[in-house]
Amino acid sequence: MAINKQHAIDPDKCTACTICITACPVTAATRKFRGPKMTGPALTRLRKLVSDDDPMLDYCSNCKTCDLVCPSGVPISTLNMMAKNEYYKTHPRKSRADDMLAHSEKMGKLITALPMGSTFAGMGMAIGKAFNMMNAMGITQNAKMPTYASESFISKFKKIKQTSYPRKVVFFSGCYINYNQPEVGVDLVKVYQKNEVEVAVDEKFVCCGSPMVSGGYIDDARINAAKNVKLLKGWVDKGYDIVTACTSCGLMLKQEYQELFDFAGMADYAEHMYDSIEYLAKLNDEGKFNTDFVENSTKYIYHAPCHLKVQAIGRPSMELLPLIPGMQIEEADAGCCGISGSYGFKADKNEIAMKVGSKLFARIKNSHADLGVSECGTCRLQMENGSGVHAIHPLTVFKKAYGL
Amino acid sequence: MLKTTVVVIGGGATGVGILRDLSMRGVDTILVERDDLGYWTSSRFHGLLHSGGRYAVKDKEAAKECIEENTILRRIGRHCVEATESIFVRAPEDSEEYEHEWVKSCAECGISAIPISMDEAFKLEPNLSRKLLSAYRCPGAAIDGFRLLWQTVASANKYGGKAMTYMEVTGIETENGEVVGVRIRDRWTGREDKIACDFVISAAGSFSGEVAKLAGLTVNVKPSKGTLIAFNHRICNRVIHRLHKSSDADIFVPHGSITILGTTSIDSAPDDTSTETAEVVEMMKVGEVTFENIYDYRILRVFAGTRPLYSADPNAKGRSASRGFVALDHAHEGVKHFFSVCGGKFTTYRLMAEKVCNMVCEQLGVNEKCHTAEENLVDDPSPELINRAKAVFPSYGAELASSRLGNDKLERVIERIEKQPEMKELVCECENVTRAEIEEIAGEPTSHTVSDVRRRTRLGMGTCQGTFCAYRSVGAIDKEDVPWSKDTVNLCKDFLETRWKGIRPVLWGNMLRDIELTRAIYDAALNLSGVEDIK
Amino acid sequence: MRKSDILIIGNGISGLFAACIAADMGKKVQILSYGAGTLTIGGGIIDVLGYTDDGKPIENPVLGADKMASGHPYSKVGAQTVDKALRAFLKIAESEGFPYIGSPDKNQWVPTAIGNFKPSCLVPRTMNSQAIFDAENILVVGFDTMKDFYANMVTKNLRKHLKSDKNIEEFVVQLNFEYGRDLRDISAMDVARWLETKEGYNAFVNQVKAHIKNSTAIVLPPVLGLDPNYQILDSLEKDLGCKLVEVSSLPPAVTGTRLDKMLNSYAKKHGVQIIEKARVVGSEVADGKCQAVITEGFDRQRKFYADQFILATGGVYGGGLIAGIGSMVEPVFNINIDVPKVQTEWSYKHLFADKKQIFAQYGVNVDNDLTPVAADGSKIASNVKVVGRSLAGYDFCYEKSGNGVALITAYKAAAAFCGEA
Ligand SMILES: Cc1cc2nc3c(=O)[nH]c(=O)nc-3n(C[C@H](O)[C@H](O)[C@H](O)COP(=O)(O)OP(=O)(O)OC[C@H]3O[C@@H](n4cnc5c(N)ncnc54)[C@H](O)[C@@H]3O)c2cc1C
Ligand SMILES: Cc1cc2nc3c(=O)[nH]c(=O)nc-3n(C[C@H](O)[C@H](O)[C@H](O)COP(=O)(O)OP(=O)(O)OC[C@H]3O[C@@H](n4cnc5c(N)ncnc54)[C@H](O)[C@@H]3O)c2cc1C
């Protein structure tokens, strides 16, 4: 059941208690950010009255930790994003990175369409780095950037032969899986097939809009939302559940759309949305989860993405992964990784992102784990960047455990 | 003993208007106010700069006065007027006939009333109820009472006019049936003094009867209390009126960061500013017709003021009494050179002053005409000053501070921050009030309590209603050069009690949550009220 | 399966502590929480009972609790539970390497950020105020650009409260933080983070050292690190050769944040599962027992099953009680709280009324086992217990009993569900 929109964007519930300030990872990392309470509910009141130059607005990473801890249900981060959107209508952008990172789908399409094939594409954004383009655009030179796959997930998907089952889901892959890590999508199909679930995809889906919202391009996100909402509603009407394997896509489609936009049908399809592992946990609850695993003695450390935490679904991965025999896994429980989608790739934010993630990095290193595990693609990248430990999607762990 | 030509009793809108008017005509004038400027009705009001539309049907005279003064004040008082415009909306339960009559009347009074489609109205004001039927744009506006008063006094100061606050007039002295002076008492020191003068003008609002008594006279004021609800946000960006025969709770005025709904009308004592839950509940019901989601909007507080309604007929009461004003020359009752002005509206404060000053000047033999409509209250801040402010204030702070402070004080506050950048620290995070401002204002001789600082800065008037800034402000002003700052514990408590008064009748929802937080901080964590037995 | 032995709604101090106790006794515990609880804005000190109903200071909270009127949570759980619960808390703190000082039968006077004292019972070692009474010299240390602590005010007010032969001086540490329009104000948390760095620590020691005389105690805002341990305190006491005492202060709460981390750490180590952002909107009660509670978000309702339930929803502030015009309701079990129809009867004219505020005592009525009782006297569900701020019958602000009632009722509920009498 959906929460009434009027309430969803209501800053009136804020009592200025400062809980969000105690939890905000960016506030802890830099004084360039005044913190969620001020940027969100407090200044929302004043922005209706005066406009001003507001260099701090840019520092909210939309990680949503503030929303998580708020006892009053104030959608603080979304208020910040709405303010950012309005702000940049009348103020110049700090760098071109905003535009590029917010519209990563465009980039993905461009690069995967290049005729030169995998070698070139495999370098991904490294091409730009080589030509010192990134710096000029305001993108950090210090972080490992997402690389682009030579073949998109959608294209790979078409080559997979599935067995048909009555239980069907449509998989919203999102840009990161489609262009950067298609193998995660492939793993999803394999794991779901093992659990007698048939997976559909929809080539008409467009970027969920999460990077656009974070970058303050809500108007662009609205255009994408209009398309996706119609499609998603259509699939649900046909009896499909919807799964995502990227927690930011999931959160965007089921929550942020409802907070930001007014399209019909959003609440209807949201009822049928699942995170990919949550869906497996649901099967487990019904006694239908395939636990025919081979032993796995790898040592893992699990990091829960911020955008998973706010979905109120707990930690489905920590529920299911331990079912694999021999499995050694612990939860890092060390807060935000810092990357927040594309935030950490910006030249002026990278240092903050690394500082935010430093607890997590230390935790990963000290755990002596062989591999990191996380549902979010850019979290995984950040975990690697910060700790040197390679990180994979839990679906990939399951695929291995099924001996595939 | 002080000496002047004219003493004005009362530092509400009317009194400061007179002070400015006489000073500009070169008449030596001192204003004496018992409390802080604007402590009574001139801050406990709705803050609407009437277009006249509300009175167009019933009282064309008043309506015309309003639109004329409205036009003047938008110009001379542009730093305390928010020229928002207003929208009159008709609901299904409102008479269509009245609408026609109203349109006609507005035209007669010279009040622009432009019909707009409801689609247009909803675009301008998205929160309006979709049930509303018709809408007109009028030139109403919001006006800040505190600011208008201070700016009017600042303007009078330039011409030698003086205002004394916390100074009560305790007697009016006459010789041979003619005023010779007033007795005054300092409310803080208790010291008594006299001001010798040739004329006394009482602008004591609802207290005009009491003041007249000091000279053994009667003035028939019928104070009528009105209650107002302040909401945490700008629900609308324009003043919203119901288009019907004027009635309770039918106007919303956006005011800085908040919105005020009002009002009501019952006979009361002049100093009755109490509020009741029942009134709020009734007002919310009416307000719901205009804004259907009204119950979702957080109330900040409720407050009340009393209208100084004057009636020649002692039996006329409340709303049926004339909104017009009177300037009484008490010579007819045997006291020469003593005048009372009362009634009227905030909107017409300048006109009231003009009228009474004309009378006084005639008797004084001063020929100088009234210039108050020609000169702005305060100068516009120079672009350089605004740029200096923008360079040091936190975001969204410069403009707000500039309109609160006026140029001279703004400059001093800027200097404080330039010298000590950390003075840009926000003491009041809800209304963006810096430590520099608090320290500057607290150090002024006219400040005696945190509430005085509040009236000049908006400290504690936002979402948290003092929960955080009570502590911060007493800490910040606890300085050698602020003589009244010593008893920090009680300053804190007193300030919070004044805030509590407005919250108590609406202690539900988030208001109760907020009070839980306030008590947790000040009682649980800081133990402001507990006995300490430690020695 | 989503079924747990004990399901707790709310992860404030009472929910977390109940979880710790139950998990300790081998139960499978799950917490559903919407928001983070009051700990990170409230203090990390455990007030148990500071004042009698007529405002007299209490020396021995256990004895004081024994004398409370019948509606009070303490009179329901009994003085023995008060003692047991607090000792259980002390044990947990000890095992987490963050031992608290004090004893259930003795209050201590803790300094506050306004320069007052307040009675509390168990406090972290960073707030061991004995040093203030023992030392001849008190040095009140502030930080030049830090918000929400005014060394001059604290100094002046302390002088009013302490014996006149004590020498009380203030000293302001220069943070030398960058300052400008694009940088936000500095909070106690920022200073705590600064003291966690080597550079900050050394700067602090270098500046303060010269002002330490023989027999000095330092009074300062809560800035001695953000983690639940005493590393900074211990090394400062060694390097400065004197005791340091943090004051009870305003939100954001450094001391509360440490306690929050400590309880979370203990709970998680003992297998407690916490589901954040899960707003419980209702329950399924059948045959006088709660079967499940229902959460709701932007997607769909979910049911969470358990054998037993603890409602630790934090009262009006936490969202556990919703106040309307002339009404108050507990939303999970839909319990109507009996309140006056006219709002002004909810309170006294003065906020600081010199007695318990009326509205502060509104809450869920329970029997002596903390099982909720409806207005008509009927039991709502026999396997539900209510703990912490949602309980009726006490005013923690006036009594100084906030975290005490929370811990003690939580202990009682968890222990009872685990079969302890
Ligand atoms: C609820 C309400 C809403 C209103 N809304 C509007 C509106 O939206 N627009 C509008 O134009 N008008 C409005 N009005 C009317 C307007 O507020 C008043 O007409 C106006 O403020 C009156 O100003 P005043 O100076 O006459 O009285 P006051 O502001 O009351 O000033 C009188 C002063 O005299 C002082 N005084 C009394 N006795 C002594 C003494 N012995 N010695 C020294 N000083 C003394 C008092 O302390 C007081 O400060 C509203 C009125 C009310 C009550
Ligand atoms: C500023 C401040 C200072 C204080 N200082 C002190 C002090 O110095 N000493 C002292 O002893 N006490 C102090 N207290 C009091 C003390 O903090 C509280 O009494 C205590 O924290 C109450 O704990 P609780 O667990 O009952 O509630 P809370 O900490 O409020 O926790 C309630 C939890 O329930 C959750 N919840 C509520 N409704 C739902 C729902 N429907 N679904 C899911 N979850 C829900 C909330 O989100 C929250 O996580 C202070 C309090 C404040 C606010």
Side-chain angles (χ1 to χ4, degrees), chain A residues 3-22 27 31-60 70-76 79-80 82-84 86-88 90-91 261-262, chain B residues 82 84 126-127 142 231-237 254-259 292-293 295-300 386-387 389-391 393-403 426 428-432 458 461-469 509-518 520-521:
Chain A
I3 287 169
N4 174 311
K5 186 174 156 64
Q6 181 68 43
H7 293 273
I9 53 160
D10 180 6
D12 262 4
K13 296 192 206 106
C14 176
T15 57
C17 76
T18 76
I19 281 183
C20 54
I21 298 173
T22 66
T27 307
R31 278 182 53 233
K32 289 180 181 157
F33 186 48
R34 62 167 83 78
K37 182 209 90 173
M38 282 291 286
T39 300
L43 288 177
T44 296
R45 295 174 70 238
L46 299 184
R47 286 192 192 100
K48 292 181 179 178
L49 188 63
V50 283
S51 82
D52 199 359
D53 181 36
D54 185 355
M56 293 194 182
L57 189 53
D58 210 42
Y59 284 88
C60 171
C70 177
S72 312
V74 181
I76 310 169
L79 287 169
N80 291 352
M82 286 162 65
K84 203 189 257 189
E86 286 307 307
Y87 183 76
Y88 282 122
T90 50
H91 291 82
F261 310 127
D262 244 342
Chain B
E82 261 185 79
T84 57
N127 294 330
F231 293 90
N232 184 38
H233 266 91
R234 279 175 90 89
I235 300 169
C236 43
N237 276 312
H255 235 281
S257 49
I258 65 171
T259 309
E292 51 200 336
N293 294 319
Y295 291 101
D296 294 336
Y297 305 137
R298 160 138 182 228
I299 296 176
L300 278 182
I386 287 291
N387 284 340
K390 290 211 161 190
F393 273 91
S395 297
Y396 309 98
E399 255 178 80
L400 294 175
S402 155
S403 59
L426 290 174
C428 171
E429 295 186 349
C430 304
E431 294 290 320
N432 247 20
R458 290 195 61 79
M461 293 174 83
T463 307
C464 84
Q465 289 286 301
T467 300
F468 287 83
C469 59
N510 271 323
M511 291 74 84
L512 180 51
R513 296 187 61 224
D514 211 29
I515 283 295
E516 275 267 316
L517 183 62
T518 310
I521 293 175

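Naming convention: chains lettered A, B, ... in sequence-line order (proteins, then strands); numbering from 1 in each chain.
Around the NZ atom of A:Lys32, the shell of radius 6.0 Å holds no more than 12 heavy atoms that belong to other residues, nucleotides or ligands.
No other option in B:Leu400, B:Thr467, B:Ile258 has as many heavy-atom pairs under 4.5 Å with chain A as B:Leu400. Heavy-atom pairs under 4.5 Å with chain A were tallied for B:Gly462, B:Ser395, B:Cys464; the largest tally goes to B:Ser395. The candidate from A:Thr15, A:Leu43, A:Thr18, A:Asp52 with the greatest count of non-hydrogen atom pairs under 4.5 Å with chain B is A:Asp52.
The side-chain heavy atoms of B:His233 and A:Pro11, taken from C-beta on, include a pair separated by under 4.5 Å. Put simply, the side chain of A:Pro71 reaches to within 4.5 Å of the side chain of B:Arg513, judged on heavy atoms. A 4.5 Å side-chain heavy-atom check between A:Arg34 and B:Pro394 finds every atom pair outside the cut-off.
When each of A:Leu46, A:Val50, A:Leu49 is checked for a side chain to side chain contact (heavy atoms under 4.5 Å, CB included) with B:Asn432, only A:Leu46 meets the rule.
Heavy atoms of A:Ser72 lying under 4.5 Å from chain B belong to its backbone as well as its side chain.
B:Tyr297 and A:Asp12 share no side-chain donor-acceptor pair at under 3.5 Å.
Judged as a side-chain contact (heavy atoms from CB on, under 4.5 Å), and not counting sequence neighbours, the contacts of B:Ala401 are B:Phe393, B:Arg404, B:Leu405, B:Leu410, B:Glu437.
Considering every non-hydrogen atom in both B:Cys430 and A:Arg45, the closest pair reads O-NH1, 3.1 Å. A:Met38 and B:Leu426 get closest at one heavy-atom pair: CE-CD1, 3.4 Å.
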